[in-house]
2 protein chains.
Amino acid sequence: MIMLDLQSETPIYMQLKNKIIEGIASKQLNPGDPLPSVRNLAQDLGINMHTVNKAYQLLKQDGIIHIHRQKGVVINPDGMPEADDSYVTLLKEQLRPLLSESICRGMGEEEILSYCKGIMEEIKKGGDKT
Amino acid sequence: MIMLDLQSETPIYMQLKNKIIEGIASKQLNPGDPLPSVRNLAQDLGINMHTVNKAYQLLKQDGIIHIHRQKGVVINPDGMPEADDSYVTLLKEQLRPLLSESICRGMGEEEILSYCKGIMEEIKKGGDKT
DNA sequence: TTGTCTGTTATATAATTGATATAACAGTTA
DNA sequence: TAACTGTTATATCAATTATATAACAGACAA
């Protein structure tokens, strides 16, 4: 069951999008797997239908899920989109301030990389950690 | 000279905060160094005084800068705050979705770590890259 | 003392975003 | 026919972002 933090400064629709992506990264969700309807998921999570729809629309734009008008929502059966140049550029822009502050606070390069490694292991093992 | 992207979805005050932190990480700014007054910096950047003030207040809260009522603003002369548990927790929370999507898009663990390494080298060399 | 600079505080406004609430539409399926 | 699907259209409300003025109190120089 997906857990959301309604008190977080991270928007709900963004948390939901991230949870689904993390589910795919951990192989708890695989290509072709169905996702709940916007109304069902909204009710299960106790949030609004449009909030779920917003997350789904973003995932659809990125090619991570497919939405068939009345058939439902599924993880892209053809697999995930590639990490192309535009994605890598965006990734770097988002990583940079995080790494900057870590260095700023005296963390060593190996220490930071070690944390990244640890997080990636957690993700692959499907650790919720929340 | 600090460059801001007024069209970015990242708030201006956050961009400014990040630029200053990056300046410290790259040792272009050092403990004890003075920063411009809120009014001067605002005028130089073509933004509002309160936007600069907001960035300064956040940096002050984190112990990264000191603000003396009429003396001015300086990089914390006693050095940077430590990367304590609460910071590391926050850092992990922010890294996790970025790393998740990278894995999701088929990037390998070494590939991702290699990008992190590259970004950290750029930071240390004071590369603006913008 | 006067003037100017400093950070700070207080309002006010406007645009945008996040989230919710209803309602309706068009196609599918039981 | 009835129930479900994603989608679209409004509307409302709160919070955030950024701006604009204005004033205050302490410091410092002429």
Side-chain angles (χ1 to χ4, degrees), chain A residues 2-21 29 32-77 93-94 97, chain B residues 2-20 29 32-77 90 93-94 97:
Chain A
I2 297 177
M3 278 297 300
L4 300 175
D5 179 7
L6 301 184
Q7 313 308 321
S8 168
E9 62 174 355
T10 305
I12 299 176
Y13 75 91
M14 196 61 80
Q15 290 182 49
L16 179 55
K17 182 191 172 210
N18 288 338
K19 293 283 186 184
I20 292 173
I21 289 176
L29 291 175
D33 283 358
L35 289 178
S37 73
V38 288
R39 288 177 178 85
N40 277 347
L41 186 50
Q43 183 148 16
D44 286 353
L45 299 178
I47 61 178
N48 192 273
M49 183 195 73
H50 296 95
T51 306
V52 176
N53 190 250
K54 189 165 184 177
Y56 278 5
Q57 287 301 321
L58 292 176
L59 290 166
K60 174 186 168 189
Q61 278 180 27
D62 289 344
I64 292 175
I65 65 175
H66 277 185
I67 302 181
H68 300 85
R69 182 81 192 189
Q70 267 75 17
K71 295 178 184 175
V73 183
V74 296
I75 310 294
N76 189 338
E93 281 174 10
Q94 293 176 289
Chain B
I2 297 178
M3 277 299 299
L4 300 175
D5 179 6
L6 302 184
Q7 312 309 320
S8 168
E9 62 175 358
T10 305
I12 298 176
Y13 74 92
M14 195 60 82
Q15 290 183 50
L16 179 54
K17 182 192 172 209
N18 288 338
K19 292 283 186 184
I20 292 173
L29 291 175
D33 283 358
L35 290 179
S37 73
V38 288
R39 289 178 178 82
N40 277 347
L41 187 50
Q43 185 146 16
D44 287 353
L45 299 178
I47 61 177
N48 192 273
M49 183 195 73
H50 297 96
T51 306
V52 175
N53 190 250
K54 188 164 184 177
Y56 277 4
Q57 288 300 321
L58 291 176
L59 291 167
K60 174 187 168 188
Q61 279 180 26
D62 289 344
I64 292 175
I65 65 175
H66 278 185
I67 302 179
H68 300 86
R69 182 80 191 188
Q70 269 76 18
K71 295 176 183 173
V73 183
V74 296
I75 309 293
N76 189 338
L90 188 64
E93 281 175 8
Q94 294 177 291

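What you are looking at is a predicted structure, and each value in this text was computed from that prediction instead of being measured. Basis for what follows: all heavy atoms, side chains included, without hydrogens, waters or symmetry-related copies. Letters A, B, ... mirror the listed sequences (proteins, then strands); counts begin at 1.
dG7(C) atom C1' lies 15 Å from atom CG of Leu59(B), rounded to whole Å. Following rounding to the nearest Å, Leu4(A) (CG) and dA19(C) (P) show an atom-to-atom distance of 10 Å. For the pair Ile47(B) CD1 and dT17(D) C1', the interatomic distance rounds to 12 Å; values are reported in whole Å. Spacing between atom CG of Leu58(A) and atom C1' of dG18(C) amounts to 13 Å, rounded to whole angstrom units. Rounded to whole Å, atom P of dC5(C) lies 20 Å from atom CG of Leu35(B). Atoms CD (Gln7(B)) and P (dT16(C)) sit 12 Å apart, rounded to a whole Å. For the pair Ile67(A) CD1 and dT8(D) P, the interatomic distance rounds to 10 Å; values are reported in whole Å. Atom NE2 in His68(A) sits about 22 Å away from atom P in dC4(D), given to the nearest Å.
Comparing dA22(D), dT7(D), dA23(D) by their nearest atom to the side chain of His50(B) picks out dA22(D). Side-chain proximity of Tyr13(A) to the nucleotides dT20(C), dG18(C), dG6(D) is greatest for dG18(C). Between dA18(D), dT19(D), dG6(D), one nucleotide has an atom nearer to the side chain of Asn48(B) than all others, and that is dT19(D). Nearest to the side-chain atoms of Asn53(B) among the listed nucleotides dT6(C), dT5(D), dT9(C) stands dT9(C). Side-chain proximity of Ile12(A) to dA19(C), dT7(D), dA22(D): nearest is dA19(C). When distances run from any side-chain atom of Lys54(A) to the nucleotides dT8(D), dT8(C), dG18(C), the shortest one goes to dG18(C). Comparing dA23(D), dA23(C), dG6(D) against the side chain of Val38(A) picks out dG6(D) as the nearest.
Within the 4.0 Å cut-off from OP1 or OP2 of dT5(D), at least one side-chain nitrogen or oxygen of Asn40(A) is found. Contact between the side-chain N/O atoms of Gln57(B) and the OP1/OP2 oxygens of dT8(C) is found at a separation under 4.0 Å. Put simply, Thr51(B) has a side-chain N or O that comes within less than 4.0 Å of OP1 or OP2 on dT19(D).
Taking 4.5 Å as the limit, some side-chain heavy atom of Asp62(A) sits within range of a side-chain heavy atom of Lys17(A). Side-chain contact check for Tyr13(A) versus Ile47(A): every heavy-atom pair is 4.5 Å or farther apart. Between Arg39(A) and Val52(A), the closest side-chain pair of non-hydrogen atoms is not below 4.5 Å.
Heavy-atom minimum distance, Met3(A) versus Lys19(A): O-CE, 3.2 Å. Residue Gly63(B) comes nearest to Asn76(B) through the heavy atom pair O-ND2, 2.9 Å, listed as atom of the first residue, atom of the second, then distance.
Residues Met49(A) and Met14(A) both approach DNA chain C. Their nearest nucleotides, taken by heavy-atom distance, put Met14(A) toward the 5′ side.
As judged by a 4.0 angstrom heavy-atom cut-off over every strand, Tyr56(B) is placed among residues making no nucleic acid contact.
Applying the 3.5 Å distance criterion, the base of dT21(D) shares no donor-acceptor pair with the side chain of Arg39(B).
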Worked check of side chain to side chain contact (heavy atoms under 4.5 Å, CB included) between Thr51(B) and Leu16(B): CA-CA 9 Å; Thr51(B) 306; Leu16(B) 179 54; over 6 Å; no
